[in-house]
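We name chains A, B, ... by the order of the sequence lines, and we start the count at 1 in each one.
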Amino acid sequence: MAGRASAQRGDNGWGEWGGYMAAKKRKLEEQFDKDCMNNVQQHERKSNIFHGISIFVDGHTEPPADELKKLMIEHGGVYHAYYSKDKVTYFISNNLPYAKIRKLKPNDKVVGSQWIIDCIKQNKLLPTHDYEMYKDITKSRGQTELNFKRIEPMKIITSDFNVPNSDDEENNSFEKTSSSSSETEEIQAEDDDNLSALNAKHPKFLETFLKRSRLHYLSSAAVAKKVYVQDLRKKSEHRLLIEKQREELKNKLQRTERDYLFKLNDEKKDKIYMHIDMDCFFVSVATRNQPELRDQPIAITHSKGKKSTTSNENQFYSRSEISSCNYAARQYGVRNGMYLAQELCRNHNAKILCLPYDYEGFHIVSDLFYNTVLSYTLDVEAVSCDEMYVDLTDLILYLKPLHPLTFISLLREEIQLNTKCPCSAGLASNMLLARLATRQAKPNGQFYVEKGYEQEFISKQKILDLPGIGLSLLDKLQQNCSHHTIEICKQIQNLFSLEQLKTILGKKQGQTIYDMSRGIDMRTLSKDYLPKSISIDINYGIRFQTFDELTLFIKQLSLELHKRLKQAKQKGKQLTVKIRVRSLNAPIEPEKFMGCGRTDDSSRLINLHSYTDDVTTIESETIKLLKQFHFIVADLRGVGITITQLQSTTKTTHGQDINGTRTLFECNQFRVSKPAISIDNDDTNQNADQPSESSVTRKRPIQQEQTTTIARK
DNA sequence: ATCCTCCCCTAC
DNA sequence: TAAGGTAGGGGAGGAT
Ligand SMILES: Nc1ccn([C@H]2C[C@H](O)[C@@H](COP(=O)(O)OP(=O)(O)OP(=O)(O)O)O2)c(=O)n1
Ligand SMILES: [Mg+2]
Ligand SMILES: [Mg+2]
């Protein structure tokens with residue numbers, strides 16, 4: 001019964017949220033990084049107001065962590081570089097990332113940094129009550145805002161969303177689309193708070209949300225690119241194009257000495273990989289026709305961020321995420337994925353320019369980027385819309401004598417020319433090192449980790465930069481090594497044996513980290529893309545009062561999922577439903593407008609009778625599973641449906657391309673040209689998938705409790 | 001041992 | 001206001 005009643009644990013199991021050092025990660029390039037640890041400087045003691053108090057600073061704060069550390073020490077407190085449940089009294093953070101808020105445990109107290117400032121100012125220990133950030137906030141939004149304002153570093157002016165400056169980009173859609181199609185009576189209005197009702201109860205919500213979600217864009221675009229590369233491999237014409245391109249390049253090559261000297265690639269199995277990634281992709285695209293803007297800090301956000309035409313202290317409270325920011329902005333510590341809020345509040349980057357999403361542009365540029373690379377080789381593994389791995393071995397052999405740096409220099413030039421956007425690339429003998437090389441190369445650069453320098457290179461790489469290693473895994477390591485601050489690969493090499501790593505992280509992950517920290521990576525490009533799951537998840541705007549409302553939404557999700565299965569030409573035999581329910585002690589409304597806040601998650605799967613992509617099956621099975629959870633409908637904050645155990649509907653040998661290739665123009669809402677390809681319709685085929693009632697569900701006695709999930713008051 | 005379910009984590 | 005999606009690796013621990 002492992003999972004089941006998980007409603008309670010949720011984040012639990014996470015035990016210690018420990019040293020997460022998100023700060024570390026963020027501070028990557030910030031001067032005040034250094035060792036926040038025992039930087040035992042002799043701070044002058046000024047008071048003792050913080051006696052007995054210890055803090056752990058997480059994320060970006062104003063003033064920055066080392067300043068807070070100094071203040072704490074000067075006033076009798078203790079500063080911990082790593083979180084330790086027993087020792088730390090308070091977290092200090094002004095904007096924890098969403099992922100971490102969800103991990104907070106009931107007893108964790110997160111306090112805004114202003115608390116420290118105010119305490120010092122008044123020279124006494126103030127109650128933290130008004131500075132606590134992620135605690136129950138009874139209800140009203142107003143209160144939420146108030147609460148927040150308190151802790152804002154410099155009393156920000158909240159107003160200023162001033163009048164809806166209408167137009168301004170294309171703010172079309174549902175504004176008026178009232179029409180209230182069918183079922184739901186009047187969506188609009190009603191509802192306690194007149195929050196303009198833009199939540200999942202609105203019939204247009206799903207469509208609107210997906211159209212605007214950058215994360216949905218990223219996911220669907222990545223899949224589309226994988227499919228695109230895959231399909232291109234099957235086209236013989238393309239091989240001819242590649243040949244032509246290579247010859248052309250060969251002819252115009254101006255070889256220099258290094259090209260002739262570059263031998264390597266013996267007939268051994270020496271490989272040379274390239275990892276290539278567009279620089280601050282969204283920003284570069286958005287400014288590709290106004291490159292002169294690029295010198296100033298820029299971010300891509302939904303919030304109009306305040307153009308600060310008027311001198312005034314702009315900015316307000318904004319939980320809008322910065323999707324991408326350029327390098328000028330990064331100078332100030334701004335990072336992708338941050339909330340706009342704190343950043344703008346800081347005087348120095350008060351004039352950060354916020355630009356809207358240009359999905360069509362992303363699409364176009366992404367295609368140009370891919371097509372440019374693909375015109376030279378098909379040894380490509382798509383990673384995302386702005387990033388890929390390339391096995392250059394064959395190409396370099398073909399063009400020899402040629403130094404790979406010469407090639408990627410030309411390639412990047414061509415990409416720049418085609419897209420008007422910069423990119424960076426890394427070269428190395430394996431994928432891991434190539435990827436790390438890219439990081440080093442950015443922005444607008446290239447870097448080759450050459451043969452004799454691999455150990456030196458990997459030794460000094462940040463552990464967090466290793467692909468697949470995030471805050472959680474790093475923390476597990478840190479917990480097992482209290483004396484040192486674990487930061488670079490060299491330390492893993494020296495401080496942990498393979499066995500230790502396996503014990504701490506598990507068999508596979510232990511081995512992987514062991515290898516990676518030594519620069520070892522035996523992976524090869526995956527050239528065969530086979531989807532393993534297709535799903536839809538919505539964890540935003542989920543606010544229902546009744547199960548019927550939820551049912552209506554599930555209907556929409558099912559239809560969307562059905563379309564995705566159709567488009568991917570897949571059917572699945574297993575269906576998983578995942579829900580996110582507001583944590584008991586989490587505020588009704590989280591900091592982020594319509595966000596899901598801190599939740600407890602659970603999932604449940606069912607084995608279907610046959611491979612299916614049928615809407616009604618999906619819908620009914622989902623509802624069935626949903627009823628097996630026990631939750632208060634009003635507390636639901638997220639739902640997801642995943643189909644797994646996929647099987648392609650094409651006869652493998654039979655012609656795939658229905659209407660011309662599924663070119664790069666993938667997912668519905670992001671298609672650029674290409675009129676609709678009609679994804680829906682046709683349900684005619686397939687072996688009847690009745691709502692597979694009994695569902696093989698195997699054993700599982702499933703305590704058939706009160707299946708309902710009533711919205712109780 | 002190995003499989004299965006229910007997570008958790010990471011990445012873009 | 002805000003648009004916190006999703007695929008895939010893998011671990012824990014019970015079932016087989
Ligand atoms: N938390 C994130 C991370 C990324 N993205 C989007 C915007 C990015 O432009 C794009 C590509 O991600 P990258 O990690 O490649 O970041 P950038 O291209 O923006 O910057 P870099 O120059 O570091 O590659 O994905 C996002 O929306 N949210
Ligand atoms: Mg990039
Ligand atoms: Mg990228």
Which part of the nucleic acid does R637(A) contact within heavy-atom distance under 4.0 Å: base, sugar-phosphate only, or nothing?
-> nothing

Pick base, sugar-phosphate or nothing for I643(A), based on heavy-atom distances below 4.0 Å to the nucleic acid.
-> nothing

Give the nucleotide from the list dT10(B), dA7(C), dG10(C) with an atom nearest to the side chain of S533(A).
-> dA7(C)

Using only side-chain N and O atoms of Q574(A), determine if any of them is under 4.0 Å from OP1 or OP2 of dC4(B).
-> no

Would you please confirm or rule out a distance under 4.0 Å between OP1 or OP2 of dC8(B) and any side-chain N or O of R580(A)?
-> no

Side chains of Y339(A) and E321(A): closer than 4.5 Å at any heavy-atom pair?
-> yes

Can we call the ring centroids of Y228(A) and Y370(A) under 6.0 Å apart?
-> no

Please state how far atom CE in M388(A) lies from atom P in dC12(B), giving the value in whole angstrom units.
-> 15 Å

Residue-phosphate contact under 4.0 Å: S318(A) side-chain N/O, dA2(C) OP1/OP2 | yes

Scan K507(A) against the nucleic acid and name what it touches under 4.0 Å (heavy atoms): base, sugar-phosphate only, or nothing.
-> sugar-phosphate

Hey, does the side chain of H216(A) come within less than 4.0 Å of dT6(C)'s phosphate (OP1/OP2), counting only N and O?
-> yes

Phosphate OP1/OP2 of dT5(B): any N607(A) side-chain N/O under 4.0 Å | yes

Side chain of L218(A) only, please: which of dT5(B), dC12(B), dT6(C) is the nearest?
-> dC12(B)

Polar side chain donor-acceptor pair, Y389(A) to R435(A), under 3.5 angstrom = yes

To the nearest angstrom, the CD1-C1' distance between I606(A) and dC4(B) comes to 15 Å

Counting only side-chain N and O atoms of S320(A), is one of them less than 4.0 Å from OP1 or OP2 of dA3(C)?
-> yes

Starting at CG of D515(A) and ending at C1' of dG9(C), how long is that distance when rounded to a whole Å?
-> 16 Å

Phosphate contact (dA7(C) OP1 or OP2) by T642(A) side-chain N/O below 4.0 Å = no

Map Y540(A) and G506(A) onto DNA chain C by nearest heavy atom, then report which one ends up closer to the 5' terminus.
-> Y540(A)

Evaluation steps, salt bridge (Lys or Arg N to Asp or Glu O under 4.0 Å), between K563(A) and E560(A) | CA-CA 5 Å; K563(A) 290 179 180 176; E560(A) 175 64 24; 5.1 Å; no

Would you tell me if any nitrogen or oxygen in the side chain of R319(A) comes within less than 4.0 Å of OP1 or OP2 on dA3(C)?
-> no

Under 4.0 angstrom, heavy atoms only, what part of the nucleic acid is S219(A) near: base, sugar-phosphate, or nothing?
-> base

Between dT5(B) atom P and L608(A) atom CG, what is the distance in whole Å?
-> 12 Å

When you get a sec, tell me which of dC6(B), dC7(B), dA2(C) is the closest nucleotide to the side chain of L605(A)?
-> dC6(B)

Can you tell me how far P of dT1(C) sits from CZ of R543(A), to the nearest Å?
-> 17 Å

Gap between atoms CD1 and P, on I579(A) and dT5(B) respectively (whole Å) | 18 Å

Hey, is the side chain of N539(A) poking within less than 4.0 Å of OP1 or OP2 on dG5(C), counting only N and O atoms?
-> yes

May I ask you to check if R214(A) and Y217(A) form a cation-pi contact, with NZ or CZ under 6.0 angstrom from the six-membered ring centre and within 45° of the axis?
-> no

Name the residue closer to the 5' end of DNA chain C, choosing between I534(A) and L505(A) according to the nucleotide with the nearest heavy atom.
-> I534(A)

Of D635(A), D601(A), D600(A), which is the lone residue that meets salt bridge (Lys or Arg N to Asp or Glu O under 4.0 Å) with R582(A)?
-> D635(A)

With the side chain of K532(A) defined as its heavy atoms from C-beta on, choose the nearest nucleotide among dG5(C), dA3(C), dG9(C).
-> dG9(C)

Can you check whether K592(A) has a side-chain N or O nearer than 4.0 Å to OP1 or OP2 of dA2(C)?
-> no

Closest heavy-atom pair and its distance - T438(A), I276(A) = OG1-N, 4.4 Å

Looking at the side chain of Q509(A), which of dC7(B), dG11(C), dC12(B) is the nearest nucleotide?
-> dG11(C)

Base, sugar-phosphate alone, or nothing: which one does F282(A) contact when heavy atoms must sit under 4.0 Å apart?
-> nothing

Round to a whole Å and report the spacing from CD of E381(A) to P of dG8(C).
-> 11 Å

Nearest whole angstrom, please: distance from the C1' of dA2(C) to the CG of L210(A).
-> 14 Å

